[in-house]
Amino acid sequence: MKWLELVTVAGATLVAAVTVVVLYSLGVRLTAIAADSRQASPGVKKSFAYICFGLCGLAVLFGLYLIIPYFSG
């Protein structure tokens with residue numbers, strides 16, 4: 001068994017999972033902050049939240065592209 005490749009895949013999986021969770025959490029937090037009526041510019045925060053959700057969705061779609069053999073070749 002090639003242990004270095006196993007560690008590489010495990011590390012990439014961990015980094016990807018943490019990235020998706022952080023992007024989603026940041027999007028939820030920014031949405032909650034933008035909903036507060038005392039904020040000066042809720043539109044900017046809401047747009048950054050939507051950007052975070054979009055990047056999270058792109059990461060999920062890229063993962064599906066890598067997993068499903070029909071799409072990757």
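When reading the values below, keep in mind they use all heavy atoms of this one structure, side chains included, and skip hydrogens, waters and symmetry mates.
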Do [X] and [Y] land in one hydrophobic cluster if side-chain heavy atoms of ILVMFWY residues count as linked below 4.5 Å?
X: I67; Y: Y70; answer: no
X: V28; Y: Y50; answer: yes
X: L66; Y: I68; answer: yes
X: L30; Y: F53; answer: no

* **Selection residues 4-23 - residue pairs positive for side chain to side chain donor-acceptor pair (under 3.5 Å), sequence neighbours left out** =>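 Passing the test, one end in residues 4-23: no pairs.
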
* Asked: Measuring from L23:CG to L58:CG, what's the distance to the nearest 0.5 Å?
  ->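 Nearest 0.5 Å value for the CG-CG distance: 10.0 Å.
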
* To the nearest 0.5 Å, tell me how far C52 SG sits from L26 CG. =>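 Between atom SG of C52 and atom CG of L26 there are 4.0 Å.
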
* To do: Could you tell me which residues satisfy side-chain hydrogen bond (donor to acceptor under 3.5 Å, both in side chains) with K46, sequence neighbours excluded, listed by chain and number?
  =>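 Checked K46 against side-chain hydrogen bond (donor to acceptor under 3.5 Å, both in side chains); zero matches.
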
* Write down the atom of G27, the atom of A49, and the distance for their closest heavy-atom approach. =>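 Smallest heavy-atom distance, with atoms named: O-CB, 3.5 Å.
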
* Test side-chain contact (heavy atoms from CB on, under 4.5 Å) applied to R38 and D36, step by step -> CA-CA 6 Å; R38 295 174 290 184; D36 187 12; 3.5 Å; yes

* Asked: Apart from V22 itself, which Ile, Leu, Val, Met, Phe, Trp or Tyr residues share its cluster (side-chain heavy atoms under 4.5 Å, direct or through members)?
  ->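 Traced through the cluster, V22 reaches L14, V18.
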
